[in-house]
Chemist: 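For reference, the structure I am asking about is given below.
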Amino acid sequence: MFAVNNFMVEIDQNSIAERFMRYVQIDTQSDPQSNAQPTTEKQKDLSKLLLRELQHMGITAELDSYGYVYATIPSNSDKKNVPVICFCSHVDTAPDCSGTNVKPILHKNYNGDDIVLPDDPSQVLKITDARYLKNHVGSDIITASGNTLLGADDKGGVAVIMEAASFLINNPGLKHGEIKIVFTPDEEVGKGTAKIDMQKLNAKFGYTMDGGEAGSLEDETFSADGATIIINGVIAHPGYAKGKLVNAIKIAGEILDALPKKEWAPEVTEKKQGFVHPVRVEGIAERATIEFIVRDFDNDKLKEHGEKLRMLALNIIKKYPGVTMEFSIKEQYRNMKSILDKHPEVVAYAEEAIKRTGLKVKTESIRGGTDGSRLSYMGLPCPNLFTGMQGIHSKLEWIGVKDMAKSAETIVHLCMVWEEKSPL
Ligand SMILES: [Zn+2]
């Protein structure tokens, strides 16, 4: 425990567990096929509840038609120049696994045994598979019941922000600058920042609460491109095609088969290694399209991956006279580290806040993107902080209650650190 301004920052575990379990029961699955914003109207069921709860705390908040909740906790500091900081999490859950009728189960004082989920006994959470469970023997954890995901990603983030907000409001002696909160829809389908109003948000720095193990701080994401190869074959009547027809679908297959199998693919890479990954194939004999995602932490290497893919395809295409290829690369998002390095205090203060909760800081890189990577490039430098979520997007998803409490404590400390470090 760390005492600052004579206040102990200690979040009540029962309160945050209860809050979290209330939120996960609301179905907020987003839909990658939908062009609506939000992609599913039901996400607003949670947003509306959050709006009411914020207002009930006395916090000014609003919900817009796109499903974004914006809230402001005014500064209570005498200092005039404390930067406005923002905490962000997403209300939606991943389309990979059902989010309908989530029944959270609180396992009090977890004893380390296998947990058989009651609604589908084939779903068993084991320490041998989920090593991090070890850290939670003797404390409380929450799982789903077997038929659905839990939705800790990212209702864990939502719950910790709400609990921290409540704590700040109930402890007005804790000094902080203006704090903004934003809850976004559609993060899981890549549209979490699509309709975000940066002017309304009006924050200088931000933190997404969308990370895993206690103490983890992610200041680096992949840089990401999408690549598309379109193959134009040579078409002829199949009955009289000898020596003429070249089937675009078969060439697509040849390109896919030529991709390295022991490197350069998500299934054989880890840590700082990048990859190229086919995600969709579509075609007729005349014309076939392959879509790829391309990932690396380094922008130059990302470019090289794209070029290597283009050359690999081109060398196959060249064997077939008359066949042509269209190759295009589209930027998806960029590694947030180059932005964060320009504002080292954003990460440094987060590290300080984590340490004040008594945890060790684990700096990590995300092999993916977050809303924070996009926000960083939209002018809001925004690393990602832990919430405790584990086994995300699956029926074996779980979260430790003490991790959530530490995450909320980190937010409270972070608000105080920004105030303390600001000049009078
Ligand atoms: Zn998430």
Chemist: Using every non-hydrogen atom in the two residues, find where His176 and Pro74 come nearest and quote the distance to one decimal.
Modeler: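 Result for this residue pair: CE1-O, 3.2 Å.
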Chemist: Sorted by first residue and then second, give each ring-ring contact (aromatic ring centres under 6.0 Å, His included) pair with at least one member in residues 194-237; sequence neighbours left out.
Modeler: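 For residues 194-237, and leaving out neighbouring residues, the ring-ring contact (aromatic ring centres under 6.0 Å, His included) pairs sorted by first residue read Phe87-Tyr207, Phe205-His343, Phe205-Trp418, Phe222-Phe275, Phe222-Phe297, His237-Tyr240.
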Chemist: Any luck finding a side-chain donor-acceptor pair between Ser422 and Asn81 under 3.5 Å?
Modeler: no
Chemist: Are the side chain of Glu178 and the backbone of Thr72 linked by a donor-acceptor contact shorter than 3.5 Å?
Modeler: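 Flag not set: sc Glu178 to bb Thr72 has no pair under 3.5 Å.
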Chemist: Side chains of Leu133 and Ile141, heavy atoms from C-beta outward: is any pair under 4.5 Å?
Modeler: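 With C-beta onward as the side chain, the pair touches.
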Chemist: Whether Arg310 and Glu307 form a salt bridge (side-chain N of Lys/Arg under 4.0 Å from carboxylate O of Asp/Glu) is what I want to check.
Modeler: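 Salt bridge flag = yes for Arg310 with Glu307.
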Chemist: Decide, yes or no, whether a salt bridge links Glu304 with Lys301 under the criterion of side-chain N to carboxylate O below 4.0 Å.
Modeler: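 No, Glu304 and Lys301 are not salt-bridged.
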Chemist: Looking only at atom types and distance, does a side-chain atom of Ser166 sit under 3.5 Å from a main-chain N or O of Met162, one as donor and one as acceptor?
Modeler: no
Chemist: Any chance you could measure Glu213, atom CD, to Met389, atom CE, to the nearest 0.5 Å?
Modeler: 12.5 Å
Chemist: Nearest heavy-atom pair of Asp296 and His305: which atoms, and what distance?
Modeler: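 The answer is OD2-NE2, 2.7 Å.
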Chemist: Does the side chain of Asp403 pick up a donor-acceptor pair with the side chain of His136 at under 3.5 Å?
Modeler: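 Short answer, yes.
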Chemist: Does the Thr39 side chain pair with the main chain of Asp31, one donor and one acceptor, at a distance under 3.5 Å?
Modeler: yes
Chemist: Please report the interatomic distance CD(Glu286) to CG(Asn232), rounded to the nearest 0.5 Å.
Modeler: 8.0 Å
Chemist: Do Ser223 and Asn335 meet the criterion of a side-chain donor-acceptor pair at a distance under 3.5 Å?
Modeler: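 Short answer, no.
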Chemist: Check this for me: Lys319, atom NZ, are more than 12 non-hydrogen atoms of other residues, nucleotides or ligands nearer than 6.0 Å?
Modeler: yes
Chemist: Locate the shortest heavy-atom distance separating Thr221 from Gly368; write the atom from each residue and the value.
Modeler: CB-O, 3.3 Å
Chemist: Can a salt bridge be assigned to the pair Glu326 and Arg287 using a cut-off of 4.0 Å between side-chain N and carboxylate O?
Modeler: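 Salt bridge between Glu326 and Arg287, a charged N being under 4.0 Å from a carboxylate O: yes.
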Chemist: Is it the case that the side chain of Thr28 and the backbone of Val91 share a donor-acceptor pair, with hydrogens and angles ignored and the cut-off at 3.5 Å?
Modeler: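 Yes: the side chain of Thr28 pairs with the backbone of Val91.
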Chemist: Does either side chain, that of Glu163 or that of Ser15, offer a donor lying less than 3.5 Å from an acceptor on the other one?
Modeler: yes
Chemist: Thinking salt bridges, do Lys421 and Glu345 make one under a 4.0 Å N-O criterion?
Modeler: no
Chemist: Within a strict 4.5 Å, meaning less than it, do heavy atoms of the Met325 and Ile251 side chains meet?
Modeler: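 No - every pair of side-chain heavy atoms lies 4.5 Å or more apart.
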Chemist: Establish, from distance only, whether the side-chain atoms of Thr184 and Tyr66 form a donor-acceptor pair under 3.5 Å.
Modeler: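 No, no side-chain donor-acceptor pair sits under 3.5 Å.
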Chemist: Can you find a heavy atom in the side chain of Thr324 that is under 4.5 Å from one in the side chain of Ile317?
Modeler: no
Chemist: Given side chains that start at C-beta, do those of Ile255 and Leu312 come closer than 4.5 Å, heavy atoms only?
Modeler: yes
Chemist: Just checking, is any N or O donor in the side chain of Thr143 or His107 under 3.5 Å from an acceptor N or O on the other one?
Modeler: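 Short answer, yes.
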Chemist: With a 3.5 Å distance limit and no angle check, can you tell me whether Glu351 reaches the backbone of Val361 through a side-chain donor-acceptor pair?
Modeler: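 Pair absent, no side-chain N/O of Glu351 close to backbone of Val361.
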Chemist: Between Glu187 and Asp210, what is the shortest heavy-atom contact and its length?
Modeler: OE2-OD2, 3.7 Å
Chemist: Could you tell me the separation between the CD1 atom of Ile235 and the CG atom of Leu245, rounded to the nearest 0.5 Å?
Modeler: 5.0 Å
Chemist: Below 4.0 angstrom, N of the basic side chain to O of the carboxylate: do Arg356 and Glu352 qualify?
Modeler: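 So Arg356 pairs with Glu352 through a salt bridge.
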Chemist: Please give me the minimum heavy-atom distance between Gln55 and Ala61, naming the atom from each residue.
Modeler: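 Closest pair (atom of Gln55, atom of Ala61, distance): NE2-O, 3.4 Å.
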Chemist: For Gly211, is there any backbone N or O sitting under 3.5 Å from a side-chain donor or acceptor partner on Thr387?
Modeler: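 Such a contact is found between Thr387 side chain and Gly211 backbone.
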Chemist: Mind checking the CD1-CD spacing from Ile249 to Glu282? Nearest 0.5 Å is all I need.
Modeler: 10.5 Å
Chemist: What I want to check is whether the side chains of Thr40 and Gln43 have a donor and an acceptor closer together than 3.5 Å.
Modeler: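 Yes, a side-chain donor-acceptor pair sits under 3.5 Å.
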Chemist: Distance check, rounded to the nearest 0.5 Å: Leu375 atom CG versus Cys382 atom SG?
Modeler: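 It is 5.0 Å, given to the nearest 0.5 Å.
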Chemist: Under a 4.0 Å threshold between the charged nitrogen and the carboxylate oxygen, would Lys191 count as salt-bridged to Asp371?
Modeler: no
Chemist: Taking all non-hydrogen atoms of both residues into account, name the closest pair between Arg367 and Thr269 and its distance.
Modeler: NH2-OG1, 3.2 Å
Chemist: For residues Ser139 and Tyr110, determine if any side-chain heavy atom of one lies less than 4.5 Å from a side-chain heavy atom of the other.
Modeler: no
Chemist: Inspect the contact between Arg22 and Glu18 and indicate whether a charged nitrogen and a carboxylate oxygen are less than 4.0 angstrom apart.
Modeler: yes
Chemist: Can you check whether Lys406 reaches Glu409 side chain to side chain, under 4.5 Å on heavy atoms?
Modeler: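 Side-chain contact under 4.5 Å: yes.
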Chemist: Assess the residue pair Asp92 and Lys155 against the criterion (salt bridge (charged side-chain N to carboxylate O under 4.0 Å, His left out)); give the C-alpha distance rounded to whole Å, side-chain angles, the decisive distance to 0.1 Å, and a yes or no.
Modeler: CA-CA 8 Å; Asp92 66 314; Lys155 287 162 186 165; over 6 Å; no
Chemist: Scan side-chain atoms only and decide if Asn14 and Asp12 contain a donor-acceptor pair under the 3.5 Å cut-off.
Modeler: no
